[in-house]
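Structure first, then comments.
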Amino acid sequence: MSDKKVRVRFAPSPTGGLHLGGVRTVLFNYLFAKKHKGDFILRIEDTDQTRFVPGAEEYIFECLKWTGLQPDESVVHGGNYGPYRQSERKEKYRLYAEQLVAQGYAYYAFDTPEELEKMRTQNRTEDNPSPQYDHKVRMSMRNSLTLSQEEVQRLIDSNTPYVIRIKMPENETVTFTDMIRGEVSFNTSLVDDKVLLKADGMPTYHLAVVVDDYLMEISHAFRGEEWLPSAPVHILLWEYLFGLDKMPQWAHFPLILGPSGKLSKRDGAKYGFPVYAMNWTDPRSGELTEGFKEKGFLPEAFINLLALLGWNDGSAQEIFSLEELIDKFSMDRIHSAGAKFDYEKAKWFNHEWIKKSDASHLLPHVKQVLKSKDIAVADDTLLQQVINLVKDRCTLLTDFYEQAAYFFRQPQEYDLQAILPKWSAEKNLFFAELIRNYQLAPLWDAQELERNFKEIAATNHLKPGEVMLPLRIMLVGGKFGPGVFDIAQFLGKEETVKRIEHVLALIASAK
């Protein structure tokens, strides 16, 4: 680490939902910044207006708010290095693009779409099915390298559409040190002359990312490994415009892998798990893609599982708070190989976080789950008691509905098939006596209720296990839930007796 203040950035394009790979990039940037007392910047890269999707930018900020990974600077949070939206920095990029042309590192290209297609067709071979605009073809195209200076000026003056391309050098080796992968080298002859400034005056990612990182004094640039092929272009732009000593330190994170390669939205749809942080509805197609939040994940668990996709602290520890992650995070513990996403493991993280969370912390989440099913609980103290009773049985927050709903309303369905095959007159008499006993009980306490239950079972020559399951189903509707006498104590005398009588009537009518 140098003495330069740590400034990192996440630079999403507002084109759709936020993939968990994107959130992991946010997380690693955030952890690194906080570990080194630095700044985390969010910059919106919206230079490709054809891909802009309404609502996507707001969605990104909502996702970061949910995860708790809030930027220090952004279009929402402000800062001294704005604007933080690339489309508002348009004129800055042209100046640098023109500077590159003047220095001989870039050139104007006036080729029409038809001319570009003709070039691809003429140069297509079995070995080269997708010809690129590179050092091999540039001198046969219509650009400022092949046209006279007068002709170039005439075309510009007459508003002929053009782009500015970088002039990649031939057969040079470009090398940089990746914080994860070590030394990485490229041969420039294998890289095409990327467009830096488009015909509409907007920069491409290649120019914009370098200019913005320089102007925003970014010290470290972290991104996914899919951007590695672009590295030689970016390194040369740093060298040409600002000097390599100003270039941030780079790290390229490993891919997150699904069942069939890089994790994709299609994987989620096929295998039934979320790949976005939060629900995203495509405004064009109306297609809904489910998110981790709506699936029932706690943000703490989501952050925890993402951190361990490609990183560990070298110990066997798996459950980390955000504070622990900040304390223990280091780039040298990130793997270079792809990280396999396992949804069952993701749910395990969530289950562990639900178990370890205080009822007061889970309260707003559970209230929302119950409210979505038309169960409104006004008494927070009462609901916290229920949460403590059932939270160990909940893997997802949505499980609190099944595990807790019967505390607040009578079950709508009963698993009578689990009772009827072994039902008998003796059991009928047992429950009739239990009702009388419970109606007269002076103390409504779980231990006392259990003692009375077992005494009546013994008097009727029944084992407690023979009548315990029917009682559970009478109270909750199925074969689940915490201790049955804890449930009865919570429900109270009147409601407990009412539910037993109701199921006895259902059994009688079913026989």
Side-chain angles (χ1 to χ4, degrees), residues 1-11 18-42 63-73 177-182 218-225 248-257 263 277 292-293 297-358 361-362 395:
M1 292 293 297
S2 67
D3 294 334
K4 186 178 180 182
K5 183 178 183 181
V6 167
R7 287 177 57 80
V8 300
R9 49 60 173 174
F10 175 59
L18 188 55
H19 187 277
L20 62 90
V23 187
R24 188 191 62 174
T25 299
V26 171
L27 175 61
F28 286 175
N29 272 283
Y30 182 92
L31 295 178
F32 188 84
K34 299 310 166 189
K35 170 89 173 187
H36 298 288
K37 307 292 188 285
D39 298 325
F40 168 53
I41 296 98
L42 190 140
C63 288
L64 298 196
K65 183 179 177 183
W66 174 63
T67 60
L69 305 175
Q70 294 279 43
D72 298 298
E73 301 171 24
T177 301
D178 188 286
M179 295 175 72
I180 297 169
R181 297 155 198 280
I218 300 302
S219 64
H220 296 77
F222 305 146
R223 56 190 185 181
E225 69 174 37
Q249 288 182 258
W250 285 0
H252 290 80
F253 299 140
L255 295 175
I256 297 178
L257 304 174
L263 185 67
F292 279 86
K293 178 187 177 186
F297 277 77
L298 283 167
E300 299 92 336
F302 182 53
I303 289 303
N304 194 160
L305 72 90
L306 281 184
L308 271 69
L309 281 175
W311 172 88
N312 65 63
D313 72 337
S315 73
Q317 183 176 344
E318 292 189 280
I319 302 299
F320 293 88
S321 67
L322 185 58
E323 291 72 25
E324 288 175 309
L325 288 171
I326 291 170
D327 180 57
K328 298 192 176 187
F329 185 76
S330 65
M331 294 297 290
D332 58 6
R333 296 296 309 176
I334 296 178
H335 317 305
S336 58
K340 189 74 178 283
F341 173 71
D342 179 346
Y343 186 52
E344 292 307 310
K345 184 69 174 181
K347 290 194 292 185
W348 176 85
F349 278 108
N350 205 56
H351 183 46
E352 292 300 308
W353 269 98
I354 287 176
K355 286 194 297 183
K356 80 189 290 287
S357 295
D358 291 337
H361 178 69
L362 295 171
T395 297

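Between the side chain of His19 and the backbone N or O of Leu263 there is at least one donor-acceptor pair closer than 3.5 Å. A donor-acceptor pair under 3.5 Å is formed between the side chain of Ser219 and the backbone N or O of Arg7. Arg9 contributes no side-chain N or O that, together with a main-chain N or O of Ile218, makes up a donor-acceptor pair within less than 3.5 Å. Within the 3.5 Å criterion, the main-chain N or O of His252 finds a donor-acceptor partner in the side chain of Arg181.
For Phe28, the ring-ring contact (aromatic ring centres under 6.0 Å, His included) test picks out Phe253, Phe329, with sequence neighbours left out. Applying the side chain to side chain donor-acceptor pair (under 3.5 Å) test to Lys355 and every residue at least two apart in sequence or in another chain returns Glu352.
Residue pairs satisfying the salt bridge (Lys or Arg N to Asp or Glu O under 4.0 Å) criterion with at least one member in residues 322-341, sequence neighbours excluded, are listed as follows: Asp313-Lys328.
Looking only at side-chain heavy atoms (C-beta outward), Lys4 and Pro248 stay at 4.5 Å or farther from each other. Within the 4.5 Å cutoff, side-chain heavy atoms of Leu298 are placed close to those of Asn350. Between Trp348 and Leu305 the shortest side-chain heavy-atom distance does not fall below 4.5 Å. Asn312 places a side-chain heavy atom less than 4.5 Å from the side chain of His335. Contact of the Thr67 side chain with the Val26 side chain is not registered, since no non-hydrogen atoms from C-beta on lie closer than 4.5 Å.
For the residue pair Ala277 and Val23, the shortest heavy atom distance occurs at CB-CG2, 3.9 Å.
Under a 4.0 Å N-O distance rule, the pair Glu318/Lys345 qualifies as a salt bridge.
For the side chain to side chain donor-acceptor pair (under 3.5 Å) with Lys34, the lone residue among Asn29, Asp39, Asp72 that qualifies is Asp72. Among Phe349, Phe297, Phe292, the single residue meeting the ring pair (Phe, Tyr, Trp, His ring centres under 6.0 Å) criterion with Phe302 is Phe292.
Note on ring orientation: taking the six-membered ring where Trp is involved, the planes of Phe341 and Tyr343 are tilted (angle from 30° to 60°).
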